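Please read the structure below before turning to the comments.
Only a predicted model underlies this, so the values are computations on that prediction, with no experimental measurement involved.
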Amino acid sequence: VQLQASGGGSVQPGGSLRLSCAASGSSFRGNVMGWYRQAPGNEREWVATITGAGLTNYADSVKGRFTISRDIAKNTLYLQMNSLKPEDTGVYYCNAVTRARTFWGQGTLVTVSS
């Protein structure tokens with residue numbers, strides 16, 4: 001089972017990026033999936049989650065700017081990030097929670113800077 005995150009890059013404040021997390025080896029259609037991020041020198045923090053039923057939840061710091069979604073057919077998780085701020089800089093990780101364990105992707109770097 002593998003989660004492959006992609007879509008990171010460098011963007012100016014106010015810009016947008018869309019992250020993708022492609023799952024292989026297993027279907028997570030009924031599982032909670034989410035995004036976390038880790039800024040340099042900080043601990044990993046939760047960003048957003050989506051349930052198997054499509055219910056979403058967001059950290060206050062990204063609410064109204066980020067949108068988490070999933071394409072069941074493609075077995076892919078997304079994070080649309082708009083109105084990016086320098087404090088959004090960090091490595092973004094996707095995860096999938098099962099009863100047996102939590103799977104993590106390898107991370108994709110997002111840099112917001114002018």
Side-chain angles (χ1 to χ4, degrees):
V1 178
Q2 187 175 16
L3 297 176
Q4 183 73 36
S6 62
S10 295
V11 63
Q12 292 186 339
S16 298
L17 284 173
R18 188 176 84 151
L19 306 183
S20 299
C21 175
S24 60
S26 179
S27 171
F28 295 107
R29 62 172 61 212
N31 300 102
V32 173
M33 298 187 73
W35 289 97
Y36 287 70
R37 67 186 180 189
Q38 187 167 16
N42 290 359
E43 294 187 352
R44 191 175 299 188
E45 65 173 359
W46 168 69
V47 174
T49 51
I50 185 168
T51 70
L55 298 177
T56 59
N57 202 8
Y58 299 91
D60 287 343
S61 59
V62 307
K63 201 171 294 183
R65 300 187 297 120
F66 290 11
T67 303
I68 188 172
S69 62
R70 63 197 301 174
D71 186 325
I72 299 298
K74 294 182 178 180
N75 211 17
T76 300
L77 177 72
Y78 300 100
L79 184 68
Q80 177 66 44
M81 306 186 295
N82 299 327
S83 302
L84 283 161
K85 304 175 181 180
E87 52 263 44
D88 295 318
T89 294
V91 178
Y92 283 69
Y93 300 89
C94 56
N95 78 351
V97 180
T98 71
R99 281 189 290 182
R101 56 166 286 188
T102 297
F103 296 89
W104 289 92
Q106 86 289 1
T108 184
L109 177 63
V110 172
T111 303
V112 184
S113 174
S114 56

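- Two residues are said to be in side-chain contact when any heavy atoms from C-beta on lie closer than 4.5 Å; R65 and M81 fail this criterion.
- Separation of atoms OG1 (T49) and CG (L55) is listed at 9.5 Å; rounding is to 0.5 Å.
- The pair D60-K63 meets the salt-bridge criterion, since a charged nitrogen lies less than 4.0 angstrom from a carboxylate oxygen.
- Side chain of N95 to backbone of W104: no donor-acceptor contact under 3.5 angstrom is found.
- For the atom pair OG1 of T111 and CG of D88, the computed distance is 11.0 Å after rounding to the nearest 0.5 Å.
- From I68, atom CD1 reaches atom CD of Q80 across 12.5 Å, with rounding to the nearest 0.5 Å.
- Checked by atom type and distance alone, the side chain of N75 pairs as donor or acceptor with a backbone atom of S26 at under 3.5 Å.
- Listed here is the closest heavy atom pair of W46 and Y58: CH2-C, 3.3 Å.
- Contact check for F66 versus W35: no side-chain heavy atoms found under the 4.5 Å cut-off.
- Here the side chains of T98 and F28 are in contact, with some heavy-atom distance below 4.5 Å.
- Side-chain contact between P86 and P13: present, with at least one pair of heavy atoms (C-beta onward) separated by less than 4.5 Å.
- Taking the side chain as every heavy atom from C-beta outward, V110 and L19 approach each other to under 4.5 Å.
- For the pair G25 and V1, the tightest heavy-atom approach, listed with the atom from each and the gap, is O-CG2, 4.0 Å.
- To the nearest 0.5 Å, atom CZ of residue R70 and atom CG of residue L77 are 7.0 Å apart.
- Contact annotation: the side chain of R37 approaches that of S61 to within less than 4.5 Å [non-hydrogen atoms, C-beta and beyond].
- No side-chain heavy atom of M33 sits under 4.5 Å from any side-chain heavy atom of C94.
- A 6.0 Å sphere centred on CD of E87 holds more than 12 heavy atoms belonging to other residues, nucleotides or ligands.
- Taking CG from N57 and CD1 from I50, the interatomic distance works out to 11.0 Å, rounded to the nearest 0.5 Å.
- V112 and V91 sit in two unconnected hydrophobic clusters of ILVMFWY residues. Membership requires side-chain heavy atoms under 4.5 Å apart, directly or through other members.
- Looking only at side-chain heavy atoms (C-beta outward), V97 and N31 stay at 4.5 Å or farther from each other.
- Separation of atoms CG (N82) and CZ (R18) is listed at 11.5 Å; rounding is to 0.5 Å.
- Linking ILVMFWY residues whenever their side-chain heavy atoms come closer than 4.5 Å, directly or via other members, places L17 and L79 in the same cluster.
- In this structure, Q106 contributes its side chain and A5 its backbone to a donor-acceptor pair below 3.5 Å.
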